[in-house]
**Q** 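Sharing a structure here in structure tokens format.
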Amino acid sequence: MRVITATAVALALAALAGGGTSATAATAAHRPPVDGFWRMDGYGTVLSIRNGTLQEFQTTAVSCIEGDSARRTGPGAYTTPDGTVITVRTQGRRDHASMRADGSVGDRKLHRIRELPAACTRPAPGGPIAAFDVFWQSFEENYPFFSAKGIDWHAVREQYRPTVDAKTTEDELFDVFSDMVRPLNDAHVAVRHGDRVFAQVRPGTTVPTGELDTKVKKFIVERDLKDARNLQEFANGRIIYADLPGGQGYLRISGFGGYAGGDTSYAAQLAKLDTALDAALGKDRARRLNGLIIDLRVNGGGSDALGIHIAERLTDTPYVAYAKRARNDPTDPARHTRPQPAYVIPAHGPRHTGPIAVLTGGSTFSAGETFTQALMDRPGRTFRIGQPTQGVFSDVMVRKLPGGMSAFLPNEEFLTASGRTFDGTGIPPHLTEPVFTREEFDRRKDSAFDRAVNVLRNHGGAVGGREQGVLSPGSHGRGVL
């Protein structure tokens, strides 16, 4: 599951990171003030910005629950307790604004309202029945994938609401909620009650835990990289790089965050990432490589913006990575916010623009998947090898419930150029190979890695341009899948 801080996500503030230029002081001085009340386009959120405090209210048709807050730390800038920097700016007119936050992609539109909704000015109802209604309504108004998963959410309500009454205990209610969302098989859906958490992955896949990451890293170093040169580890162990004997480079990324130890700021993560990329692609290495293997097979996700940042080291031509949209009509699942494109702009630092083999599997989660999607339309040869990714792309909403429990759910879609999403199924590979199965471990095999080396050896001579063959981005990246 994507790395989430309760404060940052509960504020529903994950937004554009690095997608625009900073305003000059003169421009900022002429912007109308942001103080007041705002309704977010999508995301079931109302904001109050007053006296240096940004306060979130989580709304549904049956509830308004006070969320978390952030304190003003600069002109239009607010910082959450975990250090996430949020920027709110009006958009030419005093009644329209946008919000951005470190570490994610896309912005969120705000529309000024005269006052808080009446439900936000009175105490929220309590008790098990109220908690059930808020839980069900939160999914009803925000979850995008009921139809795709064949789930009748109204039938779920009819089945489970009669089992809840004023005497239902919190543990019993936790079990009810868990049973309600179990058929979704969605790794971005969870229920939390104190130390108890219910979450599950797509059947047949494995959660990318720290234990799995350690086991796989040891296996790769001992088996795949035993003859490699310049083996280096970066970013608190989340990134490793090596030069392979055949002239290829190997870059393993086990997450898009956690790079700077206790410093969780986006700036610190980005600095550590650039250090790794400069070392991996610097000293003319990028021009000498026959190809680059990017291993995402155990990747727990994190910041989508860091994935875009890496993609900018892998092209010399600007292109659109994907477009992002969210549900924004509580009564109509087919209505969404306007899709926002995420752009990949070539970086100024060392870049590799030759062939790439991307290794994926069922333990490729969230930001690992949005990064994979960001490479689908990359100019040049990009081959995906292994197994389909997990199939969870959206930022995760955290909804507080009466009584203290929390619900986690997605409400966004990441679209290809043809409007395709890969939620649920995951992004499939061009070439299918087993990924860290028991048989592979027992026989000391890594079929996906070996296939990648062979593909790059056979295709590494022609750099640039889109190959329109069976191993090309064109065969899968534009709606053919």
Side-chain angles (χ1 to χ4, degrees), residues 208 210-255 259 272-273 275-299 310 313-314 350-361 363-364 368 371-372 375 380-387 429-463 471:
E211 292 77 10
L212 178 63
D213 181 53
T214 299
K215 176 182 178 180
V216 167
K217 183 190 292 188
K218 183 175 185 292
F219 178 84
I220 288 171
V221 169
E222 294 178 352
R223 192 266 186 194
D224 299 334
L225 306 181
K226 65 180 186 300
D227 298 321
R229 297 176 294 106
N230 302 317
L231 177 61
Q232 303 171 76
E233 188 170 295
F234 306 94
N236 205 28
R238 309 302 298 274
I239 298 174
I240 61 174
Y241 177 82
D243 290 317
L244 301 178
Q248 302 89 19
Y250 173 86
L251 181 67
R252 181 176 189 266
I253 306 170
S254 64
Y259 295 165
K272 292 293 186 181
L273 176 58
T275 296
L277 296 176
D278 287 345
L281 302 178
K283 298 180 180 179
D284 296 324
R285 177 181 284 123
R287 286 196 293 270
R288 291 186 286 105
L289 291 177
N290 295 329
L292 178 65
I293 297 173
I294 301 179
D295 193 344
L296 307 172
R297 288 176 293 176
V298 180
N299 187 295
I310 297 173
R313 297 291 196 108
L314 303 174
R351 300 194 304 270
H352 170 77
T353 59
I356 291 175
V358 183
L359 306 185
T360 67
S363 298
T364 308
F371 174 59
T372 302
L375 299 181
R381 297 181 176 185
T382 303
F383 313 120
R384 298 190 306 277
I385 301 173
Q387 294 288 317
H430 297 109
L431 300 170
T432 299
E433 294 288 350
V435 171
F436 302 131
T437 62
R438 178 176 297 180
E439 180 183 7
E440 292 265 297
F441 278 126
D442 289 345
R443 299 177 61 185
R444 303 290 296 173
K445 291 184 62 177
D446 192 347
S447 300
F449 175 88
D450 292 345
R451 188 75 176 271
V453 170
N454 289 331
V455 165
L456 291 179
R457 182 182 297 127
N458 293 331
H459 293 267
V463 177
L471 299 181

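The structure displayed is predicted, hence computed values, not measured ones. Quick note: residue numbers are just sequence positions, from 1. What you see below is based on every heavy atom in this structure, not just the backbone, and it leaves out hydrogens, waters and symmetry mates.
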**Q** If you take all heavy atoms of P355 and L456, which pair is closest and at what distance?
**A**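 Scanning both residues completely, I find the closest heavy atoms to be CB-CD2, 3.8 Å.
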**Q** Would you say the side-chain atoms of T382 pair up with the backbone N or O of I356, donor to acceptor, closer than 3.5 Å?
**A**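 Answer holds: no.
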**Q** Just so I know, are the side chains of I253 and I294 near enough to count as touching, which here means a heavy-atom distance under 4.5 Å?
**A**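 They are in side-chain contact.
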**Q** To the nearest 0.5 Å, tell me how far E433 CD sits from D450 CG.
**A**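 Reported value, rounded in 0.5 Å steps: 8.5 Å.
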**Q** Run the ring-ring contact (aromatic ring centres under 6.0 Å, His included) test against Y259 and tell me which residues pass, sequence neighbours left out.
**A**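 Testing Y259 for ring-ring contact (aromatic ring centres under 6.0 Å, His included), a comparison that skips the adjacent residues, returns none.
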**Q** Can you list everything that forms a ring-ring contact (aromatic ring centres under 6.0 Å, His included) with F449? Sequence neighbours excluded, please.
**A**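 Checked F449 against ring-ring contact (aromatic ring centres under 6.0 Å, His included); matches are Y250.
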**Q** Would you indicate whether the side-chain heavy atoms of V358 and F371 approach each other to under 4.5 Å?
**A**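 In short, these two side chains do not touch, never coming nearer than 4.5 Å.
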**Q** Would you say the side chain of L251 lies within less than 4.5 Å of the side chain of I293, judging by non-hydrogen atoms?
**A**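 Side chain of I293 against side chain of L251, heavy atoms only: no contact under 4.5 Å found.
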**Q** Can you find a heavy atom in the side chain of L212 that is under 4.5 Å from one in the side chain of S363?
**A**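 Yes, their side chains come closer than 4.5 Å.
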**Q** Do the side chain of T214 and the main chain of G210 share a donor and acceptor less than 3.5 angstrom apart?
**A**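 Such a contact is found between T214 side chain and G210 backbone.
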**Q** Over all heavy atoms of both residues, which pair between A448 and L359 is shortest? Give the atoms and the distance, please.
**A**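 Heavy atoms of A448 and L359 come nearest at O-CD2, 3.8 Å.
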**Q** Identify, with sequence neighbours excluded, every residue that meets side-chain hydrogen bond (donor to acceptor under 3.5 Å, both in side chains) alongside D243.
**A**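 Only N230, Y241, R285 meet the side-chain hydrogen bond (donor to acceptor under 3.5 Å, both in side chains) criterion with D243.
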**Q** Is there a side-chain contact between I385 and P429 (heavy atoms, below 4.5 Å)?
**A**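 No, their side chains stay 4.5 Å or more apart.
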**Q** Which pair of non-hydrogen atoms, one from G249 and one from L289, has the smallest distance, and what is that distance?
**A**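 Closest heavy-atom pair between G249 and L289: N-CD2, 3.5 Å.
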**Q** Which atom pair, heavy atoms only, marks the closest approach of L231 to A242?
**A**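 That would be CD1-CB, 3.9 Å.
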**Q** Applying side-chain contact (heavy atoms from CB on, under 4.5 Å), name anything that partners R443, two or more places apart in sequence or on another chain.
**A**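 Counting only residues at least two positions away or on another chain, R443 forms a side-chain contact (heavy atoms from CB on, under 4.5 Å) with E439, K445.
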**Q** P434: what forms a side-chain contact (heavy atoms from CB on, under 4.5 Å) with it, not counting sequence neighbours?
**A**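 With sequence neighbours excluded, P434 shows a side-chain contact (heavy atoms from CB on, under 4.5 Å) to T437, E440, S447, given in chain and number order.
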**Q** Heavy atoms only: give me the nearest V298-P208 pair and the separation to one decimal.
**A**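 Scanning both residues, the minimum pair turns out to be CG1-CB, 3.9 Å.
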**Q** Can you sort out the partners of S254 under side-chain hydrogen bond (donor to acceptor under 3.5 Å, both in side chains), two or more places apart, ordered by chain and number?
**A**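 In terms of side-chain hydrogen bond (donor to acceptor under 3.5 Å, both in side chains), with neighbours along the sequence ignored, S254 is linked to R238.
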**Q** Kindly write out the residues that satisfy side-chain contact (heavy atoms from CB on, under 4.5 Å) with N236, not counting sequence neighbours, or none if the list is empty.
**A**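 Here no residue qualifies.
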**Q** Within a strict 4.5 Å, meaning less than it, do heavy atoms of the R384 and T372 side chains meet?
**A**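 They are in contact (side-chain heavy atoms under 4.5 Å apart), so the answer is yes.
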**Q** Could you report the tightest heavy-atom contact between A357 and A452, atom names first, then the distance?
**A**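 Nearest pair, atom of A357 first, then A452: CB-CB, 3.8 Å.
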**Q** What residues form a salt bridge (Lys or Arg N to Asp or Glu O under 4.0 Å) with R313, not counting sequence neighbours?
**A**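 Residues passing salt bridge (Lys or Arg N to Asp or Glu O under 4.0 Å) with R313: D274, D278.
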**Q** Taking salt bridge (Lys or Arg N to Asp or Glu O under 4.0 Å) as the test, write out the residues that go with K217, two or more places apart.
**A**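 K217 satisfies salt bridge (Lys or Arg N to Asp or Glu O under 4.0 Å) with E233 only.
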**Q** Could you walk me through whether R457 and N454 pass side-chain hydrogen bond (donor to acceptor under 3.5 Å, both in side chains), step by step?
**A** CA-CA 5 Å; R457 182 182 297 127; N454 289 331; 2.8 Å; yes
**Q** Sorted by first residue and then second, give each ring pair (Phe, Tyr, Trp, His ring centres under 6.0 Å) pair with at least one member in residues 215-236; sequence neighbours left out.
**A**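 Qualifying pairs: F219-F441.
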**Q** Between R297 and D446 (salt bridge meaning N to carboxylate O under 4.0 Å), is one present in this structure?
**A**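 Result for this pair is yes, salt bridge flagged.
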**Q** Only counting residues at least two apart or in another chain, list the ones meeting side-chain contact (heavy atoms from CB on, under 4.5 Å) with E211.
**A**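 For E211 the side-chain contact (heavy atoms from CB on, under 4.5 Å) partners, ignoring immediate neighbours, are T209.
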**Q** Kindly indicate whether the side chain of R252, heavy atoms from C-beta on, has any atom under 4.5 Å from the side chain of I220.
**A**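 A side-chain contact exists here, since the closest heavy-atom pair is under 4.5 Å.
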**Q** Tell me, please, which residues at least two apart from K218 pass salt bridge (Lys or Arg N to Asp or Glu O under 4.0 Å).
**A**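 Only E222 meet the salt bridge (Lys or Arg N to Asp or Glu O under 4.0 Å) criterion with K218.
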**Q** With heavy-atom distances below 4.5 Å as the criterion, would you say the side chains of L244 and R229 are in contact?
**A**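 Not in contact.
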**Q** At what distance, to the nearest 0.5 angstrom, does CD of Q248 lie from CG of L292?
**A**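 Q248 atom CD to L292 atom CG measures 9.5 Å (nearest 0.5 Å).
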